[in-house]
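A short worksheet on the structure shown next.
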There are 2 protein chains.
Amino acid sequence: MNDWDDYRLILAIARSGSLRSAAGELGLTHTTVSRRLAALQARRGLVFDKVPGGYAPSPLGEALIEVAQEMEELSLKGERFERASNPDLAGPIRLSLPEAIAQFLLLEDLVEFSQTHSAIDLQIETSSRFADLDRSEADVVVRGAKDPPGHLVGRRLFPNCVTYYGHRDYLASTPPEKLRWIAPSPEARTPGWLEKSPYPDAPIVLSLDDVTARHRALVTGLGLSRGACFMADPEPDLIRLPGSEPEPLQDIWVLTHPDLRETPRVRALMEHIIQAMLRKKDLVTGALG
Amino acid sequence: MNDWDDYRLILAIARSGSLRSAAGELGLTHTTVSRRLAALQARRGLVFDKVPGGYAPSPLGEALIEVAQEMEELSLKGERFERASNPDLAGPIRLSLPEAIAQFLLLEDLVEFSQTHSAIDLQIETSSRFADLDRSEADVVVRGAKDPPGHLVGRRLFPNCVTYYGHRDYLASTPPEKLRWIAPSPEARTPGWLEKSPYPDAPIVLSLDDVTARHRALVTGLGLSRGACFMADPEPDLIRLPGSEPEPLQDIWVLTHPDLRETPRVRALMEHIIQAMLRKKDLVTGALG
DNA sequence: ATTCATTGGCACATATTCGCACCAATTATC
DNA sequence: GATAATTGGTGCGAATATGTGCCAATGAAT
């Protein structure tokens, strides 16, 4: 009785191209995947051809891969129903959010939530990309976004604002023509950010994509940087550069999948995060500077 | 790795209500089904409540049953892709048709087809109801129908015609007031058939729903009957009752599922059946009487 | 061209799953 | 109410599935 699970096999091999990596995805060994594929093809016909570099689907394989993809969507839906089914404030929640928001904005609030609801297993997953809630990569996501997927439900908050900062000692001890920038790598930079800064002619001498690393470099006085107000304004040694005003980036959203919208623990977490964020609106939008 | 096959378990229990009958459907023993259900519920939560008389789905169970139903449809689609994938005139075909058409009309033609295409495994399943091709109950169906499912593809042939018959010796030796009818059970009778017959006042003394059994009784001279021309006209000892003309019942169709329409062996079988039926049109429509 | 990493296949061992036989409880039939 | 049929649960053994360790082949990196 493995007919339907064979579709998982088909999908894993299709996606990864090798028995060993498919085995990794499935929680098996490559030996088992090899046997299962052989048995499957003995029953149903050729599904994958062995080609140089891996496995390529046969025409039947192509058709079955599509069926498998739809089955996976159904399986994910079932998982959501399962996760949604607990009527108590208990059970697991996976929360996805940027590392910066986790560390510098919401950490205490999340700890507080966990302490208040000890039956809830809060699993915080920091990530730099938008978790796919359709694939159950998370139950709740907090993230700045321009146009999040329209079917997700939740709350659009306010913009994440940034402006230009320097360490007070660095600014005091560095002549203007010797100032230097710390910035993201070229492909991650916002167009025009440097031209709008108070020192557009200062060179970029340190490229750091990691937001928290960039913040650490700024706080250490290694150069100037454009940073999020909620990270920089609380630092007593960081001051805004002359004439710098907060500028909005993307709006921050708190979202979940529609199948989970009524789940009590998900509602409780989202409400808690939203209230916490609303209390810190002035900090996030730079209104305290 | 049984996650997706668990949906088969869920569906089987939902449909049958007991572990033993679910086990029958799944090809397992009730012991295995019991263990699998326990394991499933340990992982995912309560899916079925044990109630007097069987198992009832929990709210989560209801949701997962719907997912399971959709998975089953996908699985059936996959099966059709598998069956459709053979480019040769080889492999299995399941043909569903009424027992009467099988025995009295197409048997020789089907044997001929099998002999001509020895690599095709023709599995003839006689049935009194329309096979569900969406559920892969058959690959090809031959049947009289008023409105077959619109998405099936194939050929509408001509009507299956019936009229009134008696055995020549029975008619010769029985005074008119002693004549008797053999008919289907009351709920299976066509309204008005008796009134339109040459002996509307003769009583029905034998009710037989099985078409071939009714035919056997007629041929044996146990009474009068309304029967299919293709069954009765070839019998040398059966004669039409005075004034009886062939009347059309439902049209006969030869149909397959759209996913199988291009499959060579399916096309070959349907063409063979259609040609055989066209050669017997006069017999089926009673034009030979 | 050489070296390193990854791959698929295989013999053997281990773990897991399944079936059998039996029993008590429940339900259906008379 | 009695009897028969069907049910779910359990212990034990059999069957099946999976993992381990190893090897040769292939592909990637130097």
Side-chain angles (χ1 to χ4, degrees), chain A residues 1-62 64-65 68 71-72 75 78 82, chain B residues 1-62 64-65 68 71-72 75 78 82:
Chain A
M1 179 179 140
N2 276 318
D3 303 314
W4 294 10
D5 273 322
D6 280 341
Y7 284 103
R8 293 185 63 194
L9 195 84
I10 290 171
L11 204 48
I13 297 172
R15 284 189 175 140
S16 63
S18 87
L19 299 183
R20 287 201 181 230
S21 57
E25 287 184 32
L26 295 166
L28 301 169
T29 64
H30 80 278
T31 308
T32 298
V33 175
S34 176
R35 289 192 196 106
R36 291 283 298 268
L37 177 59
L40 164 63
Q41 296 189 125
R43 288 198 304 280
R44 306 192 72 168
L46 186 73
V47 180
F48 290 102
D49 285 298
K50 264 184 79 180
V51 299
Y55 284 84
S58 65
L60 171 62
E62 299 276 10
L64 295 182
I65 288 167
M71 275 191 157
E72 184 185 49
S75 165
E82 174 195 341
Chain B
M1 178 177 140
N2 277 316
D3 302 314
W4 293 9
D5 273 324
D6 281 341
Y7 285 102
R8 293 185 65 192
L9 196 82
I10 290 171
L11 203 51
I13 297 173
R15 283 188 173 143
S16 64
S18 86
L19 299 183
R20 287 204 180 228
S21 57
E25 287 184 31
L26 296 165
L28 302 169
T29 65
H30 79 278
T31 309
T32 299
V33 175
S34 177
R35 291 192 196 104
R36 291 284 296 270
L37 177 60
L40 164 62
Q41 296 189 126
R43 289 197 304 280
R44 307 192 73 168
L46 186 72
V47 180
F48 290 102
D49 284 298
K50 265 184 79 178
V51 298
Y55 283 85
S58 65
L60 172 60
E62 299 277 9
L64 295 183
I65 288 167
M71 274 192 158
E72 184 185 48
S75 164
E82 174 197 341

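Letters A, B, ... mirror the listed sequences (proteins, then strands); counts begin at 1. Please read these numbers as outputs of a predicted model, since none were measured by experiment.
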Taken to the nearest whole Å, CG/B/Asp49 to P/D/dG8 is 14 Å
Which residues share a side-chain contact (heavy atoms from CB on, under 4.5 Å) with B/Thr31, sequence neighbours left out:
B/Thr29, B/Arg35
Roughly how many Å is it from CG in B/Leu40 to C1' in C/dT17, rounded to a whole number?
16 Å
Determine to 10° how strongly the helix from C/dA1-D/dT30 to C/dC30-D/dG1 is bent, judged from the axes of its five-pair ends.
60°
Applying side chain to side chain donor-acceptor pair (under 3.5 Å) as the test, list every pair that has at least one member in residues 10-23 of chain B; sequence neighbours left out.
B/Arg15-B/Glu72, B/Ser16-B/Ser21, B/Ser18-B/Ser21
Out of curiosity, A/Arg8 CZ to A/Ile10 CD1, how far, rounded to the nearest 0.5 Å?
12.5 Å
Base, backbone or nothing for each nucleotide of nucleotides 4-12 of chain C, written B, S, -, heavy atoms under 4.0 angstrom, 5' to 3'?
---BBBBBB
Are B/Arg36 and B/Asp5 ion-paired here, with the side-chain N under 4.0 Å from a carboxylate O?
no
Would you mind reading off the distance between A/Leu28 atom CG and D/dA17 atom C1', rounded to a whole angstrom?
10 Å
A/Ser75: what forms a side-chain hydrogen bond (donor to acceptor under 3.5 Å, both in side chains) with it, not counting sequence neighbours?
B/Trp4
Between side-chain atoms of residues 44-61 of chain B and protein atoms elsewhere (two or more places apart, or another chain), which donor-acceptor pairs fall under 3.5 Å?
{"unit_1": "B/Arg44", "atom_1": "NE", "unit_2": "A/Glu82", "atom_2": "OE1", "d": "2.7"}
{"unit_1": "B/Arg44", "atom_1": "NH1", "unit_2": "B/Tyr7", "atom_2": "OH", "d": "3.3"}
{"unit_1": "B/Arg44", "atom_1": "NH2", "unit_2": "A/Gly78", "atom_2": "O", "d": "3.4"}
{"unit_1": "B/Arg44", "atom_1": "NH2", "unit_2": "A/Glu82", "atom_2": "OE1", "d": "3.1"}
{"unit_1": "B/Arg44", "atom_1": "NH2", "unit_2": "B/Tyr7", "atom_2": "OH", "d": "3.3"}
{"unit_1": "B/Ser58", "atom_1": "OG", "unit_2": "B/Leu46", "atom_2": "O", "d": "2.7"}
{"unit_1": "B/Ser58", "atom_1": "OG", "unit_2": "B/Val47", "atom_2": "O", "d": "3.2"}
{"unit_1": "B/Ser58", "atom_1": "OG", "unit_2": "B/Leu60", "atom_2": "N", "d": "3.4"}
{"unit_1": "B/Ser58", "atom_1": "OG", "unit_2": "B/Gly61", "atom_2": "N", "d": "2.9"}

Give, for atom CG of B/Leu37 and atom CD1 of B/Ile13, the distance between the pair rounded to the nearest 0.5 Å.
4.5 Å
A/Arg43 CZ to A/Asp3 CG distance, which is reported to the nearest 0.5 Å
6.0 Å
Could you state the CG-P distance from B/Leu37 to D/dG9, rounded to the nearest angstrom?
9 Å
Is the phosphate of D/dT18 approached by A/Thr29 (side-chain N or O, under 4.0 Å from OP1 or OP2)?
no
To the nearest Å, give me how far apart CD (B/Gln41) and P (D/dG9) are.
11 Å
